[in-house]
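Reading through the structure tokens given below for one structure.
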Amino acid sequence: RGLEHPDCGKLMTARDIIPHVLWAVQNADGNEALRESRDTITVTLFDFLNAAVREVIVCRPEANAVTESILLEPGLRQRIPRRRLHRSSADAITLIELVRNMGEDGCTPGSHIIPAAPEILLSLGAFGGGMRCPIDNYGYDRLTDNDTYIVYPPVPGGGDVWVEATYSAEPARIVGIDDEVSLSESYKQAIQHHMLYEILSGYGDQASVTRALHHKQEFLNELDMKQKVDMTWPRSASSVRGEG
């Protein structure tokens, strides 16, 4: 039940991010009130940092992806991974995919699971699809229902059914300056822009609003640019998921 992180870049700590944000606040042009409030802002910077990290993951689910075996619930409908329910290592923000069956022990690789439209799988289940293993298909539409997906055939009760899943995990909360951020260093600029957007949004003057919107747009630009690079970057043989 190993974990797999798709972005193998260097991980950051809060110390790599917060001083840059403080410097930007301290040197804000034409906003004396903002400069004078920097001590108060320091107290809430960890909240801004946690919010920024989570927003990156919401926009780019693969940024904090985990691949591991999870235990399914009985029936067609499944909830996205939760530690207490599915013996996952973290709670999920969203499901990315089901990969393959993993037997009754979570350690025995089996057949791959094919994606299908959730409504088709629900229709099959309504027409008396028998409960058996392994799982053939899964259906997930996070825009319609982010918290629920469908598997077919339905999971029978009375026995353990494990599958390998990739999901976007809730990040570990950052409370200290040396705490590790759950994202690679390649997301540093996006995080800083989102933090500055949150800080500047708290001031009602037009200059702060304008600067806040600028940082929000830069946040989105950073994520879009990284996505385009990731999509065009050639995959090495080692980056392709193996069968073992």
Side-chain angles (χ1 to χ4, degrees), residues 1-7 11 13-14 46-47 49-116 118 121-122 125 129-176 179-184 187 241:
R1 297 182 59 203
L3 307 186
E4 175 183 321
H5 198 293
D7 195 332
L11 290 177
T13 67
F46 289 111
D47 290 331
L49 176 54
N50 283 302
V53 169
R54 198 178 195 283
E55 188 65 20
V56 168
I57 297 171
V58 169
C59 293
R60 293 289 306 274
E62 76 281 7
N64 200 40
V66 169
T67 299
E68 63 181 359
S69 293
I70 63 168
L71 181 66
L72 295 182
E73 303 173 62
L76 280 168
R77 294 183 183 274
Q78 305 289 320
R79 285 166 283 192
I80 62 175
R82 292 287 180 267
R83 284 177 291 183
R84 289 189 303 171
L85 289 172
H86 311 107
R87 304 186 199 174
S88 57
S89 61
D91 292 336
I93 293 178
T94 188
L95 181 71
I96 295 176
E97 66 172 342
L98 294 192
V99 183
R100 57 185 172 177
N101 289 275
M102 291 299 290
E104 295 182 357
D105 57 2
C107 301
T108 306
S111 58
H112 281 72
I113 304 172
I114 309 302
L121 302 185
L122 285 170
M131 293 189 176
R132 57 182 173 80
C133 290
I135 301 301
D136 295 326
N137 303 97
Y138 80 97
Y140 180 59
D141 184 349
R142 71 187 184 101
L143 297 180
T144 301
D145 184 354
N146 182 73
D147 295 327
T148 305
Y149 64 99
I150 310 300
V151 296
Y152 187 86
V155 178
D160 287 349
V161 177
W162 292 81
V163 297
E164 186 178 66
T166 301
Y167 63 91
S168 183
E170 285 278 2
R173 184 161 182 80
I174 302 161
V175 296
D179 284 2
E180 199 171 75
V181 179
S182 301
L183 298 175
S184 79
Y187 291 101
R241 183 182 289 110

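This structure is a prediction, so every number in the text was calculated from the model and none was measured.
- The CG atom of N101 lies 13.5 Å from the CH2 atom of W162; values are rounded to the nearest 0.5 Å.
- Remark: side-chain polar atoms of Y140 are paired, donor with acceptor, to backbone N or O of N146 under 3.5 angstrom.
- Looking at heavy atoms from C-beta onward, E62 lies out of side-chain contact with S168 at the 4.5 angstrom threshold.
- Of all heavy-atom pairs spanning A90 and A169, the tightest one is CB-CB, 3.9 Å.
- Taken to the nearest 0.5 Å, the CD atom of E104 stands 7.5 Å off from the CG atom of D160.
- Proximity of N64 to V53: side-chain heavy atoms (C-beta onward) are nowhere separated by under 4.5 Å.
- Residues meeting the side-chain hydrogen bond (donor to acceptor under 3.5 Å, both in side chains) test with R54, sequence neighbours left out: E170.
- Looking only at side-chain heavy atoms (C-beta outward), P115 and Y138 come within less than 4.5 Å of each other.
- Taking all atoms of both residues into account, the shortest heavy-atom contact from V151 to L98 is CG1-CD1, 3.9 Å.
- Partners of R142 by salt bridge (charged side-chain N to carboxylate O under 4.0 Å, His left out), not counting sequence neighbours: none found.
- In this structure, CD1 in I135 is found 7.5 Å from CD in Q78, a value given to the nearest 0.5 Å.
- Minimum heavy-atom separation, I80 to A92: CD1-O, 3.6 Å.
- The existence of a salt bridge linking R173 and D47 is confirmed by a sub-4.0 Å separation between a basic side-chain nitrogen and an acidic carboxylate oxygen.
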For D141 and Y149: C-alpha separation, side-chain torsions, deciding distance, then whether side chain to side chain donor-acceptor pair (under 3.5 Å) applies. CA-CA 7 Å; D141 184 349; Y149 64 99; over 6 Å; no

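- Considering all non-hydrogen atoms of both residues, F46 and A14 come closest at CE2-CB, 4.1 Å.
- Applying side-chain contact (heavy atoms from CB on, under 4.5 Å) to P61 and the options T166, L95, T94 leaves one that passes, T94.
- The shortest distance between side-chain heavy atoms of V181 and P171 does not fall below 4.5 Å.
- Counting all heavy atoms, side chain and backbone alike, E164 lies closest to M102 at N-CG, 3.4 Å.
- Between V99 and V163, every side-chain heavy-atom pair lies at or beyond the 4.5 Å cut-off.
- For E180 against I174, the heavy-atom pair with the smallest separation is O-CG1, 4.1 Å.
- Separation of atoms OG (S69) and CZ (R100) is listed at 8.0 Å; rounding is to 0.5 Å.
- Between atom CG of residue L76 and atom OG1 of residue T148 there is a gap of 12.0 Å, rounded to the nearest 0.5 Å.
- Looking at residues two or more places apart in sequence or on another chain, you find no salt bridge (charged side-chain N to carboxylate O under 4.0 Å, His left out) involving R82.
- Counting heavy atoms from C-beta on, the side chains of E97 and I113 never come closer than 4.5 Å.
- Interatomic distance, OG of S89 versus OH of Y167, reported as 3.5 Å (0.5 Å rounding).
- Checking each of L85, L72, D147 against R79 for a side-chain contact (heavy atoms from CB on, under 4.5 Å) leaves exactly one that passes, namely L85.
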